[in-house]
**Student:** 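The structure that follows is given in the form of structure tokens.
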Amino acid sequence: MSESDLSKAELPLWEIFVRGQHGLNHRHVGSLHAADAEMAINNARDVYTRRNEGVSIWAVESSRIAASSPSDKEPLFDPANSKVYRHPSFFDIPDEAGSM
Amino acid sequence: MSSSNQTHSESGASPFEFLLQMGDNCLILAHRNSQWCGHGPALEEDIAIANISLDLIGQTQLWLGLAGEVEGAGRSADDLAYLRDAFDFRNLLLVERPNGDFGLTLMRQFLFDAWHLPMLKGLQQSTDQRVAEIAEKSVREVAYHLERSSDLIVRLGDGSEQSHQRMQSALDELWSYTGEMLDFDDLSPTLVSQGMVPQAQGIAEAFNQHVSETLQQATLTQPASEFVRRGGKTGIHSEHLGYVLAEMQFLQRAYPGATW
């Protein structure tokens, strides 16, 4: 393999999720290349937590994520547009309940 | 050690010189690694090696800061880093070796880390409180450096035919520079006997164990040669250090006292 072939041979892509300091959910922060899970975590540590952003890292191989198709956007999401009654905005909230 | 022009006294390196050894190792290796910034083989490696450089520069500030304090001549960490000449540096020859390909850089990092971690663990027990505190601050960073470099040595050693060959030739090229780390003959005997510095033997055992286990996993062959290149710890350097310093010290030499 020549130098240029080698540099074209990309390692698999991983999606990185980091949990911040304050007990929040893991949040997607970006993606990176790595040969396996251990390397993905190591790389994520260097790429995404170097300014003390997190206390926990999840890495998921990008190809393992199932995603909705952009062309399905209308059938998937439009029907919910016209259904205001699905929002809990038609209840009278007793004063005793305070603000919700 | 009967020659009168030895760069250190006949009783061996002083506490000041020992602190220079620790600081100069970090400084020169950090500079070498920083030369990869923007040139790494992959974005992730580029960022990782720059991070390691920054960790080591942080440690340099602590070691050289204390060295200046111990010397008592009013020199700051910056003065020691930027205004000394090559023969006043006390770093190992290993860390001034040229970067070569990324495999050689990684092998140099791995061999250094494998010594650095047990050394810092030993120094955490130092009878000099200030030394123990610097070791305490550095040891977690260095534990990560070793974890990362060991991981990559195994991956590349036990990787493709080409990566295996490159890692083996890197190991063969650098092996004779490891011996200098493992003996403390250059140190004043009182440094060790008073407990400021740990015993050389324990550090060497930890180094040998970790290195031979990792190399075995990486399917690499530990060179049999016991030839050891020495000199860095007493200020006798290869020509490479001069080039490193010329680049690193240029600004302070050309514009003395320049600040941001």
Side-chain angles (χ1 to χ4, degrees), chain A residues 1-70, chain B residues 30 33-34 36-59 99-106 109-110 113 137 140-167 214 217-218:
Chain A
M1 228 185 219
S2 76
E3 286 290 323
S4 60
D5 286 343
L6 262 185
S7 62
K8 279 182 212 151
E10 294 266 25
L11 296 170
L13 193 65
W14 293 72
E15 301 299 325
I16 304 302
F17 300 80
V18 171
R19 184 156 74 83
Q21 302 284 350
H22 308 295
L24 300 171
N25 295 332
H26 284 75
R27 203 167 59 82
H28 184 236
V29 291
S31 51
L32 48 74
H33 295 277
D36 61 20
E38 188 189 354
M39 191 176 182
I41 299 278
N42 274 353
N43 285 346
R45 184 260 190 201
D46 278 316
V47 177
Y48 293 114
T49 67
R50 53 199 293 264
R51 297 186 185 86
N52 201 25
E53 290 95 335
V55 292
S56 165
I57 297 170
W58 286 353
V60 183
E61 210 172 335
S62 306
S63 61
R64 305 296 288 271
I65 291 184
S68 63
S69 158
Chain B
N33 284 342
S34 78
W36 276 103
C37 189
H39 302 276
L43 176 84
E44 292 81 359
E45 293 306 324
D46 197 284
I47 294 177
I49 202 160
N51 278 348
I52 291 171
S53 282
L54 290 172
D55 286 349
L56 291 173
I57 288 171
Q59 295 172 24
N99 284 342
D101 63 12
F102 204 66
L104 191 69
T105 291
L106 284 176
Q109 186 69 38
F110 167 68
D113 293 340
K137 277 185 185 167
R140 261 161 288 167
E141 292 174 345
V142 172
Y144 178 73
H145 298 173
L146 180 59
E147 187 186 316
R148 183 179 177 91
S149 58
S150 303
D151 181 60
L152 288 168
I153 295 300
V154 172
R155 284 174 192 283
L156 291 167
D158 193 16
S160 69
E161 198 177 322
Q162 183 185 176
S163 73
H164 176 84
Q165 273 169 11
R166 286 198 188 206
M167 297 317 285
T214 308
Q217 242 186 308

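We name chains A, B, ... by the order of the sequence lines, and we start the count at 1 in each one.
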**Student:** For Y48(A), check ring-ring contact (aromatic ring centres under 6.0 Å, His included) against everything at least two apart and list the hits.
**Tutor:**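 Here no residue qualifies.
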**Student:** Verify, without hydrogens or angle tests, whether H28(A) (side chain) and G30(A) (backbone) share a donor-acceptor contact under 3.5 angstrom.
**Tutor:**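 Side chain of H28(A) to backbone of G30(A): a pair is present.
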**Student:** Does any N or O in the side chain of H164(B) come within less than 3.5 Å of the main-chain N or O of G157(B), such that one atom is a donor and the other an acceptor?
**Tutor:**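 Yes, the answer is positive, given that a donor and an acceptor are paired below the 3.5 Å cut-off.
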**Student:** Only counting residues at least two apart or in another chain, list the ones meeting ring-ring contact (aromatic ring centres under 6.0 Å, His included) with Y144(B).
**Tutor:**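 By the ring-ring contact (aromatic ring centres under 6.0 Å, His included) rule, Y144(B) matches no residue at all.
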**Student:** Dump the intermediate steps for side-chain contact (heavy atoms from CB on, under 4.5 Å) on L56(B) and E141(B), then the final yes or no.
**Tutor:** CA-CA 9 Å; L56(B) 291 173; E141(B) 292 174 345; over 6 Å; no
**Student:** Under 3.5 Å, which donor-acceptor pairs link side chains of residues 44-54 of chain B to any protein atom two or more places apart or in another chain?
**Tutor:**
| from | atom 1 | to | atom 2 | distance (Å) |
| --- | --- | --- | --- | --- |
| E44(B) | OE2 | H33(A) | N | 2.7 |
| E45(B) | OE1 | R148(B) | NH2 | 3.0 |
| E45(B) | OE2 | R148(B) | NH2 | 3.1 |
| D46(B) | OD1 | G38(B) | N | 3.2 |
| D46(B) | OD2 | G38(B) | N | 2.9 |
| D46(B) | OD2 | H39(B) | N | 3.1 |
| D46(B) | OD2 | G40(B) | N | 2.7 |
| N51(B) | OD1 | R50(A) | NE | 2.6 |
| N51(B) | OD1 | R50(A) | NH2 | 3.1 |
| N51(B) | ND2 | D46(A) | O | 3.2 |
| N51(B) | ND2 | D46(A) | OD1 | 2.9 |
| S53(B) | OG | A30(B) | O | 3.0 |
| S53(B) | OG | S34(B) | N | 3.2 |
| S53(B) | OG | I49(B) | O | 3.4 |

**Student:** Between L152(B) and chain A, with a heavy-atom cut-off of 4.5 Å, which part of the residue counts as in contact: side chain, backbone, both or neither?
**Tutor:**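 For L152(B), the contact with chain A is made by the side chain alone.
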**Student:** By number, which residues in residues 57-65 of chain A have some heavy atom less than 4.5 Å away from chain B?
**Tutor:**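 From residues 57-65 of chain A, none sit under 4.5 Å of chain B.
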